[in-house]
Student: 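Take this structure first; my questions come after.
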2 protein chains.
Amino acid sequence: MALRYPERVASGSNPETPTRRPTLEMVAKEAGVTRSTVSRVINAERDVSAATVELVNQAIERLGYVPNRAARSLASSRSMAVALIVPERAEWFLDDPHLVALMAGASRRLEQSEYVLTLIAGSPDPQGKTMRYLSSGAVDGGLIASHHDQHSYLQTLHRSMPVVFGGRPAAGNEEGSHFVDVDNAAAARLAAEHLLSLGRSRIGMITGPEDMRSVVDRYDGWRAAVAEAGLPVDAVEHADFTGAGAVRATRRLLERAPDLDGLFVANDIMANAAITVLQQSGRAVPADVAVVGFDNSTAATVGPVPLTTIDQPSIDMGWRMADALLRILAGEEVPTGITLPTELVVRDSA
Amino acid sequence: MALRYPERVASGSNPETPTRRPTLEMVAKEAGVTRSTVSRVINAERDVSAATVELVNQAIERLGYVPNRAARSLASSRSMAVALIVPERAEWFLDDPHLVALMAGASRRLEQSEYVLTLIAGSPDPQGKTMRYLSSGAVDGGLIASHHDQHSYLQTLHRSMPVVFGGRPAAGNEEGSHFVDVDNAAAARLAAEHLLSLGRSRIGMITGPEDMRSVVDRYDGWRAAVAEAGLPVDAVEHADFTGAGAVRATRRLLERAPDLDGLFVANDIMANAAITVLQQSGRAVPADVAVVGFDNSTAATVGPVPLTTIDQPSIDMGWRMADALLRILAGEEVPTGITLPTELVVRDSA
DNA sequence: CTGAAAGCGCTTACAG
DNA sequence: CTGAAAGCGCTTACAG
């Protein structure tokens, strides 16, 4: 048998004496108590005398003991891990700072807990590895980011374990699902009204994939505000939240609505791309076309024109998602939906 | 006792009959064989008759059996998980597409394996949760991204489990450490030589944190090329790989070297920020100052000027890191260092 | 090719 | 406040 790493020889030590991780048993012996007692100390249960706690802790220290996660998990049927599920191909991250921010926020919250984060990226095959993993008891709960409506199988997940969605789940599957979201419709209305207040009268929108709830909500909010102002709402193009997609969408839009003077774009990355296309077509931003983005991500300040955009507290959303999940796992009552505020951040583009 | 989730009542089923995950035992009974045999089938060992395999697989199917990870891990002393360790505060991700790309690449490689990815972000306290986690047997190996030299404790990690670094580890600790890297010095030389070939004669550099090996290598490469051309190498400022930091660094640089006509910046994000500052100071890019970035990340095409930059195959690096680790875990011999090629991508900024 | 048995390292009622 | 014992759900030599 090939030597397995955990039993590997520590460098410099006797090759005949493989290092072995200390166990509960060894700590118990060292401290002169039973395994039960050591276990209680480790799990910070009360009802252990201060003297014993001290004794055990010293033994733990002396041996450099760290509890074995697998054994703990097996005995307690809790894994102390949660999954961050991103049902997109992993490269998607590169084009979506919002997703990265969700992850960063969740990670930050989890750091302060005993739980660890398992990253599940890639478009999941409902029958495949991902779903099997999630059913294997490997995680105690899930955080789901950027789900599309067709990923409805993800929504059955909350029957087997607690789950918190980033963004409201698709309509019709909402019972029992927890989520953290912003009011996308209201935020989009804010953006549209800002463009209207600037006197713009031919206002377009570049939106995202139609199967995402947040996308639909942003469109609805934009549309309502523009329609209420008595203006046409036909200057709309769909894109995929990437810069490349937005370049194409903006070109299509300009062909159909060359008189465009205001534009709301569903995220900052796409807004930057749109501005570049507008400039290439000889239009100045914001003089000829005023542009409002969405996210207030790092992209908002590194593009061709500093973006006026909707600030979405993405990091905080991730933090709240993890926080809600931890509370649920701790048995607390948690409100089903948490809606975080957005605000308009005015820079140069509108 | 509060009802635990895994034992929760399936919606619609009899409240008196909590659903319980099927076990190996149950599959064995269902198939009319022993646990040993089922285990062999699951682990795809040979030496099981085709008929038995069929029988067992049907039972697994019928019961919807998924092996319990914790039990498996405990019995086999392998967790089938690897850690991606990012020794930075989690928000760092937001400013570093390279890091995100490493993660995406690693995630993609791991998807095709039986292993899962645990994300460990946050500046690690050597005594703290992270190191305890890594010693708990919870992961079989580690991928370490963006390590600074002072994180030398991470380098002791490879004594207890296989580890692959993204970027060469600090000098003096290299024995036995696997890594995937690009030749940063050669790449930086490429950038400097491009600026020289453009006839630039006052070439500066904005570099990153001095405690990172890749940063030092990039500086060395730039310096060597510029010095060989007989030009001064004093126009250098350090920054922190963020846009905000680069803004300050560029301002400092312009005060000291107002005659700057060429600039090499250690990543694209900072290059975009530098260009903005240059433009604000009345300098045209590339006419007055030619700028070369590093990474060829998504930032390269969304900034104020499309960047001429060094293409670093970040996604591929992540993929290779994971691939190397998987091979090591499979017992294969893997070269200690893997160096990936870079190339100059010429756009508008230089 | 398959089975019986021990064991992985913990937690958890149950006693006392 | 502490111990003895069973059990969590697998894998792994060892026999045959």
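None of these values were measured; they are calculated from a predicted model. Each chain gets a letter, A, B and so on, in the order the sequences are listed, and its residues count up from 1.
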Student: Nearest whole angstrom, please: distance from the P of D:dG3 to the CD of A:Glu25.
Tutor: 13 Å
Student: Examine C:dG3: is either OP1 or OP2 under 4.0 Å from a nitrogen or oxygen in the side chain of B:Thr37? Give yes or no.
Tutor: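 Answer yes for this pair, as a side-chain N or O of B:Thr37 is under 4.0 Å from OP1 or OP2.
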Student: Kindly say whether B:Pro67 contributes a backbone atom to a donor-acceptor pair with the side chain of A:Ser136 at under 3.5 angstrom?
Tutor: no
Student: Identify whether any heavy atom of B:Asp47 sits under 4.0 Å from a base atom; if not, whether one sits that close to sugar-phosphate; answer base, sugar-phosphate or nothing.
Tutor: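 B:Asp47: base contact, heavy atoms under 4.0 Å.
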Student: Can you tell me if A:Ser107 uses its side chain to pair, donor with acceptor, with the backbone of A:Met103 under 3.5 Å?
Tutor: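 No, because the side chain of A:Ser107 does not come within donor-acceptor range (under 3.5 Å) of the backbone of A:Met103.
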Student: Would A:Asp323 and A:Arg109 pass as an ion pair if we require N to O under 4.0 Å?
Tutor: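 A:Arg109 and A:Asp323: salt-bridged.
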Student: Between B:Thr34 and C:dG3, is there a contact of a side-chain N or O with OP1 or OP2 at under 4.0 Å?
Tutor: yes
Student: OP1 or OP2 of D:dT11 less than 4.0 angstrom from a side-chain nitrogen or oxygen of B:Asn43, does that happen here?
Tutor: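 Result: yes.
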Student: Please report the distance, rounded to the nearest Å, between NZ in B:Lys29 and P in C:dG3.
Tutor: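 Value for this atom pair: 15 Å.
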Student: Counting only side-chain nitrogens and oxygens, does B:Ser36 get under 4.0 Å of the OP1 or OP2 atom of C:dA4?
Tutor: no
Student: Here's a test of your reading of the structure: between A:Arg35 and A:Ala50, which maps to the more 5' nucleotide of DNA chain D?
Tutor: A:Ala50
Student: Between D:dC10 and B:Ser73, is there an OP1 or OP2 to side-chain N/O distance shorter than 4.0 Å?
Tutor: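 Result: no.
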Student: Mapping A:Leu24 and B:Thr52 to their closest nucleotides on DNA chain C, which lands nearer the 5' end?
Tutor: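 It is B:Thr52, whose closest nucleotide lies nearer the 5' terminus.
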Student: Taking the side chain of A:Ala75 as its heavy atoms from C-beta onward, which of C:dC10, D:dG9, D:dG3 lies nearest to it?
Tutor: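 That would be C:dC10.
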Student: May I have the distance from A:Met26 (atom CE) to C:dC10 (atom P), rounded to whole angstrom?
Tutor: 10 Å
Student: In whole angstrom, give the distance that lies between atom CE of B:Met80 and atom C1' of D:dT11.
Tutor: 14 Å
Student: Within the structure, does a side-chain N or O atom of B:Ser39 lie under 4.0 Å from either OP1 or OP2 of D:dT11?
Tutor: yes
Student: Taking a pair as Watson-Crick or G-U wobble with both distances under 3.5 Å, which nucleotide is matched to C:dA13?
Tutor: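 Looking at the geometry, C:dA13 pairs with no nucleotide.
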Student: Could you tell me the separation between the CG atom of B:Leu74 and the C1' atom of C:dC8, rounded to a whole number of Å?
Tutor: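 Spelled out: CG on B:Leu74 to C1' on C:dC8 is 4 Å.
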Student: Does A:Arg168 offer a backbone N or O that forms a donor-acceptor pair with the side chain of A:Asp181 under 3.5 Å?
Tutor: yes
Student: When only distance counts, do a donor and an acceptor, one from the side chain of A:Arg40 and one from the base of D:dG3, lie under 3.5 Å apart?
Tutor: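 Under the 3.5 Å cut-off, the side chain and the base do form a donor-acceptor pair.
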Student: Tell me whether the OP1 or OP2 atom of D:dG9 has a side-chain N or O from B:Thr23 closer than 4.0 Å.
Tutor: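 False: B:Thr23 side-chain N/O out of range (4.0 Å or more) of D:dG9 OP1/OP2.
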Student: At under 4.0 Å between heavy atoms, what does B:Arg69 touch on the DNA or RNA strands: base, sugar-phosphate, or nothing?
Tutor: nothing
Student: Which of these nucleotides, D:dT2, C:dC10, C:dT2, is closest to any side-chain atom of A:Val48?
Tutor: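 Nearest to the side chain of A:Val48 among the choices is D:dT2.
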